[in-house]
Every structure is written in structure tokens, then in C-alpha cells.
Protein chains: 2
Amino acid sequence: MITVKHVAQAAGVSPGTVSNALTGKRPVSPKTRSRIFQAIEELGYKPNLLARSLVNRRSHTIAIVTSEVEQFGPARILSGIDEQAEELGYSLLLTLMRNPAEEDVEQTITNLVARGVDGIIWAVHQVGNNRRWFTAERRKELPPIAFVTMEPKPGMAIVNTDNRAGAKMAVQHLISRERRVIGHIAGPLDWWEARERLHGWRATLADAGLENSDDLLVKGNWSAESGEAGLRQLLERRPDMDGIFLGNDQMAIGALQAAHRLGYAIPGDLALVGFDNIPESRYFWPPLTTIHQGLFEIGRVALQTIHDAIEESGASGERHITIQPELIVRESS
Amino acid sequence: MITVKHVAQAAGVSPGTVSNALTGKRPVSPKTRSRIFQAIEELGYKPNLLARSLVNRRSHTIAIVTSEVEQFGPARILSGIDEQAEELGYSLLLTLMRNPAEEDVEQTITNLVARGVDGIIWAVHQVGNNRRWFTAERRKELPPIAFVTMEPKPGMAIVNTDNRAGAKMAVQHLISRERRVIGHIAGPLDWWEARERLHGWRATLADAGLENSDDLLVKGNWSAESGEAGLRQLLERRPDMDGIFLGNDQMAIGALQAAHRLGYAIPGDLALVGFDNIPESRYFWPPLTTIHQGLFEIGRVALQTIHDAIEESGASGERHITIQPELIVRESS
DNA sequence: TTGTACGCGTTATCAC
DNA sequence: GTGATAACGCGTACAA
């Protein structure tokens, strides 16, 4: 392995001077500088980032903790994080939590801190009490940390989607399509996002003077299976239902299949609106009207937020950023 | 920050002894041992993995380089890698290449080596000449590296799917369903996987004495759009086509939509078989017959392979592992 | 402008 | 079994 010492020797200078030439923090005369770089070139010297991190207390590494990366949402966010990370010169240390409800995160956190990450992006969905570990004292021992997808809380850096606004757009769209009995299949209600979308559904119907009783509500679990079962259940209870807002696109595709099997015409008998705008939704049959979240943007912003927090390390750290969703109208409504 | 020195002082021993107690590589007397661990507990000492990596020349970090992590395939592989990594105590350094055809990988490789990763999993699809950078000389300067999804080559560690076998199963299934004019929509032919699947289609038809001319072949680009366009084109050329094998499920969903719009009955008029078994494929309309790849398993095996190579660092490094795919029969055929 | 010496936190070697 | 000492590769005071 080639080190600064070798370069220094080859260039006939001291190691310190090589370092100065490399970092540019101290002036180096043009000719020694060129000698040094020539030696670097010839020897194929590459700085050891581990050693550099050790002395600089800066690893240019950001940890990203997420779950269910096979889902479109987390994957898209990850993609956005990566793009911004590359732009700002960070590498990404990835940790996948198999279960988002996991409350015991000590081991994960300890590992990340021990590896000297400069910051952490916590992109695990808020489920149940899985944020309990992040206390005020805890915060002191940790590098800057940004949370993706959770409810606003004082003193925390948070980036999320306006889920209520998205639900509102979905329901208002159904109303504009002359639907008057509008059901909802929600995600699991221990998920913050599911509760927000449910709330948006309820509030919008109430504002419009339409029914929003529990009779029109079914609780799913984000899966297509639960969307299928949910729709059957709702139609049994309420054959008069003519519109439905699904908590996500996965449940929507299940519901679409149930509707086909039951012989319902879409959108004639029943109009559907999903949430997420997964790439496939455009090719559902019929193509699905849905709510687009700016997930890539959320990823970028989250990384930028962490970067800012790292730079101005004295700051309070509180920042809440909300990305507005968008209605995508297709043939299912 | 608490270091070994603090612990040593608190326990009344030398730093070296603390290290010995921690790693267990040298014997430590029971009572000093317990004193040390008590001090560790009280001070909340956490070893600095950066420093440890520096001296040990072992970071317990494995780099994973991939692209298009929003696609099911790469994401699923990543998931498998992560599971095995956790089991073996590795952390993952993730690099996303925006363009899989990218041939200039110097910067990425340099960064990973500089960060002292113990091994690399190269999970970028083989496209065009994007493996050219990996030469015999190059190999000497790099830690162990395993390639996912590429053609077998001497001296390399490779984990992949038997794409030809998968294609064969798909076509044989269509034949068993009494189809005699079987088309294919291929992925971009600069992709190795696309070529393999195409080859499987051709060979199986030839073996069965059925037509496999270019008239029955269209080149897509993996996207649903291209599946839609491809099917229209094929049906225009060959109205007698009664079966079709799609290079992946994305193109299949596009083809399904085109078939609906053209008024074709599935599978009555036309039977479809896809490739990948993405989660949504079960909910396409009708549910899609497809080929399941063991992608999670591929990820696990790739990491295990790297781990083995790291442990026995003198080995040649050549190992080719092929995972067999599986036919999933649903209602589209 | 450049060289020297030390420190980052840890482990390994060699004495004792 | 334990304690000094050196070393991993680099950055940075301080001195020259």
C-alpha cells in the first residue's frame, strides 16, 4: 500500500507537505507542488479515507436506516437520497430493518455511531411507538439525524408528505365525479401515514356534507390481498357505494381485481383513487387515478437537511419540511 | 468521547489489557476482566470502529454497487444481501449507478477501496461493455469482488439466474397450452439477460419444431410502454399469434393493457407468460403466469461468496453459482 | 514555505 | 497475565 510517506520520499519532501498539497489548507510552492503530484501519479497514491476520518472526525458517510426497500416508496426515497449524496460527496451506509415496528434500535444506532457516520437519515415509517427511543438525552450522543415520514415534533428534523392534503385531493376528485357514497380502505392504523390519510378522507367528506361513517371504512394492511378483501367487505355492507379512496396503490390493484371478479364496471359503477402513483399504476386495468408523492424530492431534501445540520453543528436542529402531493387523473375515476 | 484509555484508567489497567479483554485474543484474569467490563458499563464506552479498521485492515464493510434500485429485481437482491450481511456482521456501503451502461467506474472503485471495504458486490446488470474495466491487473488492486447477473467468465466470482432455463420453461408451458404461434418481446439486446432469454425462446421453439423467425420477435426496453407497443406491432404482423413470452413482467403489464384495448381475450385468444414474478403480477388482470427468479437467494449467496473469499484470501476466487428459476402458473395462460 | 513531532483510537509485539 | 511501545495512515500545531 502506498502512503503519504512514500509519496513524500519520492518527491523529496516531508509527509506534512504532501498533506498540505493535497488538502490545500496550507500554501505549497508551485514547484514542490508539481513534484508531489507527479509522485502521486507515478505511484498511484490514493488517500486512505479511514485514516483521514479518524483524524478529521468527519467520515463523509451518512447512514440511512429504512425498511421494506422492495416497496416503491422507500426505494424511491433512497434513490433521491443517493442522488443528493453523490452531489455533496457523501457515501451511504445502508441498514435495513426487517420490521418497521421494531422498537429496539440500540444495536443499530451503536454500530452507526461507532463507524463515525456524520449524520443519520431515519427513513423507517412511524409505526406504533417505534420513535420512542429518540429522546432528548439520546440526541446529545448522536450525530445530526433527520426523520423521513413522521408527524411533526418539536426539536426534530423531519421531512414528509402532506398526507391529509393528498387524501383531500383524492376525495374531492371523487366528489367532482358525481360520487356521493365514498368508501375508504385504510392502511394499518398504527401507521401514522394511514391515520393521516384516513383523517383527510373523513374531514373532506364532512366538509362536503357527505357520509363518512365507519360503515364506509375498512382497515387493510397495505397489501393487495387486503385491498381485495376490503372491497368485497365494503360492497357487501354498502352496495350503494359508488366511489372509493384506497390508502395505497397496492390495495387499489387488489380492489380492482375484486371489482372485475364481481362484475363491477370501473369507473361506471365504482370509481377508484389510489395513493402513491407507483409506476405500474398507469398500467392497471383500467389505469389508476392516484396521488403522486414527491418521494424522490423527499430523499433529496432529507439528505440536504442532514448536510446543513452537519455544517452548522451548533444549530437547534429543528426543521419541518412538507412536500405537497399531486393528483394524477386516469381512467379508474 | 470515551476511549480505551479512559476505561483503562478507570479499571486501573493498561489500554492493551482492555483491548485483550474486549477482543478475547489474549487471556485476561477473571477479576481484572470484570473490573474492565464494569468500567466499560459505567463510562458507556463504545469502541471506535474506524480506528479498529485502520489497524486491523478489516472494516467489516462490504460495498454494494447497483443501479435502478426502484426496480423489483435489484431491490430484492439488495434485500437478500442485507439479510446475510447482518448475519455475518457486515455493514453495507451502497453506491447507486444511475446508468447501468456506464463504463467509467474508476471514481466509484477508487472511493470504495479508499474507504477500506473488505469486499465488493457488483450488482449492476451486464450491459454492452460495462464489464470491460475489470481486467486481470485491476483485480490485483481490489478486494474480493463478486458479480451478480452476468455471463460466466473464468477467474471471476459470479452469481446469476439460469435465464435460458427460465425462458425454456415459459415457452414449453405455452406449448403445453396448445399454442403453436409463439412470439417474444425481448429486452434490449445489449443486456446479457435479454439475450439469454431470447436464446431460450428460440431454442425451445426449434426443439419443438415450431416457428421462431424474426417475424415473431420484437425488441423492447423492459418498460411497460415498450410491451404495449411491442404487442401491437406483433399482432399487426402476425394476427395468428396465440401465445407470447415477455422478457419481463413490466412489458407484460403493458402488453396486457394493449390486449384489452384491442379486444383480445386472455388467455382465450392469446396466452401470456412474463418473467420476474414481481409482486404485482399476481394482481394483473388476468393474473400473470410468469417465471420466478430466486433473487433474494442470489443476494444471500453473493454476500456469502464474498465472505468466503475474504476469509480464505489466497483462493483463486473463481466460483460460478447459478440459481434455478421456477414457473408460476396463473390465469394469463 | 517546509520539516518535525504529536495525536486520532485501536491493536500487536515484545518484554516482564 | 500484564504493561510499555510501536504502528496503522493522515492532519496539524509548532518550530524552523
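Remember, it's a predicted structure, so these values are computed and weren't measured experimentally. Here is the naming used below: chain letters follow the sequence lines, and residue numbers restart at 1 for every chain. Reckoned from all heavy atoms, side chains included, excluding hydrogens, waters and symmetry mates.
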### Any A/Thr32 side-chain N or O less than 4.0 Å from OP1/OP2 of C/dT1
no

For nucleotides 5-16 of chain D, 5' to 3', base contacts (B), sugar-phosphate-only contacts (S) and non-contacts (-) with protein non-hydrogen atoms under 4.0 Å give ---BBSBBS---

Between the CD atom in B/Gln293 and the OG1 atom in B/Thr149, the distance rounded to the nearest 0.5 Å is 7.0 Å

One should read off an interatomic distance between B/Gln38 CD and B/Leu43 CG, to the nearest 0.5 angstrom, of 10.0 Å

Please classify the nucleic acid contact of B/Gly12 as base, sugar-phosphate, or nothing, using heavy-atom distances under 4.0 Å. sugar-phosphate

Between the OG1 atom in A/Thr95 and the CH2 atom in A/Trp122, the distance rounded to the nearest 0.5 Å is 8.0 Å

Should A/Arg35 and A/Glu42 count as an ion pair when the cut-off is N to O under 4.0 Å? no

State plainly whether the residues A/Arg131 and A/Glu151 are in salt-bridge range, i.e. N to O under 4.0 Å. no

In whole angstroms, the gap separating P of C/dG9 from NE2 of B/His6 amounts to 8 Å

